[in-house]
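Take a look at the structure below.
Numbers restart at 1 for each chain; the letters A, B, ... are given by sequence-line order, proteins then strands. Predicted, not measured: the structure shown is a model, and the values here were computed from it.
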Protein chains: 2
Amino acid sequence: MKPEDSASIKEKKVISIGTVRELTGLSERQIRYYEERKLIFPARSGSGIRKYSFSDVERLMEIANQMEEGVQTHEIRREWKKKEKANEDWKKQMLKGQIQAHFKNNKQ
Amino acid sequence: MKPEDSASIKEKKVISIGTVRELTGLSERQIRYYEERKLIFPARSGSGIRKYSFSDVERLMEIANQMEEGVQTHEIRREWKKKEKANEDWKKQMLKGQIQAHFKNNKQ
DNA sequence: CGTGTAAGGAATTCTGACACG
DNA sequence: CGTGTAAGGAATTCTGACACG
């Protein structure tokens with residue numbers, strides 16, 4: 001993957017909070033609060049300015065949807081951790097399968 | 001194409017000049033100067049703050065390379081206009097071919 | 001021509017706090 | 001709990017200009 005690959009572009013933390021506000025329609029107060037609740041993790045510039053990625057913006061829009069449905073920040077966080085773990089487990093299983101196939105085919 | 005499509009993300013003007021400086025290694029003075037010479041076209045926030053896209057950042061890095069080779073801004077601009085025109089002409093030809101094929105096959 | 005810099009002002013962002021409910 | 005707001009300060013950005021070469 002090249003550094004300028006679109007996948008990595010999406011993860012680059014380069015957007016400041018005012019622009020995120022425009023992109024998401026959320027208030028700066030809300031955006032900072034969701035960080036306090038560990039739903040979002042902006043980077044910081046040397047002088048402490050928050051920097052967000054496009055992925056962060058997408059994530060914030062998902063949060064906004066959940067909040068509209070009356071879901072509490074605590075719930076949102078718990079759901080995400082669950083999904084994250086499921087994904088980890090799945091990847092582990094994939095790797096395990098790879099290794100087994102490797103030895104089965106006696107390639108080494 | 002969805003709005004969040006990676007292609008459009010690359011074109012979104014969301015990065016302020018300080019971050020562009022870090023991304024490109026150019027000085028703010030240089031970045032503004034290349035705009036003055038019509039090599040780059042940032043958007044402006046409501047209050048006049050320049051906003052750049054990832055494409056702009058890439059373009060600035062190409063400019064930086066050209067400048068290192070001693071090419072003048074005027075030259076860079078001229079070369080780009082040439083390439084741009086070639087591209088336009090090519091697209092026109094493609095369209096023309098489409099139309100001809102359409103009538104040839106008597107589909108209408 | 002291309003770039004550095006000091007100048008003064010305007011807009012942005014930050015934190016901690018008080019408020020409401 | 002989630003969000004608004006006023007407060008004071010620090011960091012960012014803007015423009016027009018002078019400098020050098």
- prompt: Are any of Y34(A)'s side-chain N or O atoms less than 4.0 Å away from OP1 or OP2 of dG2(D)?
  reply: no
task: Grab the two heavy atoms, one from M61(B) and one from T24(B), that are nearest each other, plus how far apart they are.
output: CG-CG2, 4.1 Å
message: As a test of understanding, state which of R77(A), R50(A), K51(A) forms a salt bridge (charged side-chain N to carboxylate O under 4.0 Å, His left out) with E35(A).
response: R50(A)
- request: Ignoring backbone atoms, establish whether S16(A) has a side-chain N or O less than 4.0 Å from OP1 or OP2 of dT13(C).
  value: yes
field: N/O donor-acceptor pair, side chain R29(B) with base dT5(C), under 3.5 angstrom
entry: yes
message: Output the rounded distance in Å from CZ (R44(A)) to P (dT13(C)).
response: 12 Å
message: Here's a test of your reading of the structure: between Y33(B) and K51(B), which maps to the more 5' nucleotide of DNA chain C?
response: Y33(B)
- line: Scanning all shown strands, the Watson-Crick or wobble mate of dT12(C) with both distances under 3.5 Å is dA10(D)
statement: 5'-most contact on DNA chain D (nearest-nucleotide basis), S45(A) vs Q72(A), goes to Q72(A)
- line: Picking from dT13(C), dG4(D), dT13(D), the nucleotide nearest the side-chain atoms of Q30(A) would be dG4(D)
query: Between dT13(D) atom C1' and K13(B) atom NZ, what is the distance in whole Å?
result: 17 Å
message: For S55(B) and E11(B), which I'm curious about, is there any donor-acceptor pair between the side chains at under 3.5 Å?
response: yes
message: Rounded to whole Å, please give me the gap between CD1 in I31(A) and P in dT3(D).
response: 11 Å
message: Please evaluate residues Y33(B) and R37(B) with respect to the criterion side-chain hydrogen bond (donor to acceptor under 3.5 Å, both in side chains), reporting the C-alpha separation (whole Å), side-chain torsions for both, the decisive distance (0.1 Å), and the verdict.
response: CA-CA 6 Å; Y33(B) 181 66; R37(B) 301 312 309 272; 3.3 Å; yes
query: Under 4.0 Å between a side-chain N/O of S27(A) and OP1 or OP2 of dG4(D), yes or no?
result: yes
message: Under 4.0 Å from OP1 or OP2 of dG2(D): is there any side-chain N or O of T73(A) that close?
response: yes
message: Please determine whether a side-chain nitrogen or oxygen atom of S47(B) lies at a distance below 4.0 Å from atom OP1 or OP2 of dC14(D).
response: no
task: Figure out the CD/P separation between E28(A) and dT13(C), and round it to whole Å.
output: 6 Å
- line: Of E36(A) and R50(B), the one whose nearest nucleotide on DNA chain D sits closer to the 5' end is E36(A)
field: Whole angstrom value for the distance that separates C1' of dG2(C) from CD of E75(B)
entry: 15 Å
task: Look at E79(A) together with K83(A) and state whether they make a salt bridge at an N to O cut-off of under 4.0 Å.
output: no
- prompt: Can you check the R32(A) CZ to dA17(C) P distance for me, whole Å?
  reply: 16 Å
Who pairs with dG2(D) - Watson-Crick or G-U, where each distance is under 3.5 Å: dC20(C)
task: Grab the CD1-C1' distance between I15(B) and dT12(C) for me, whole Å please.
output: 17 Å
- prompt: Starting at CD1 of I49(B) and ending at P of dT13(C), how long is that distance when rounded to a whole Å?
  reply: 9 Å
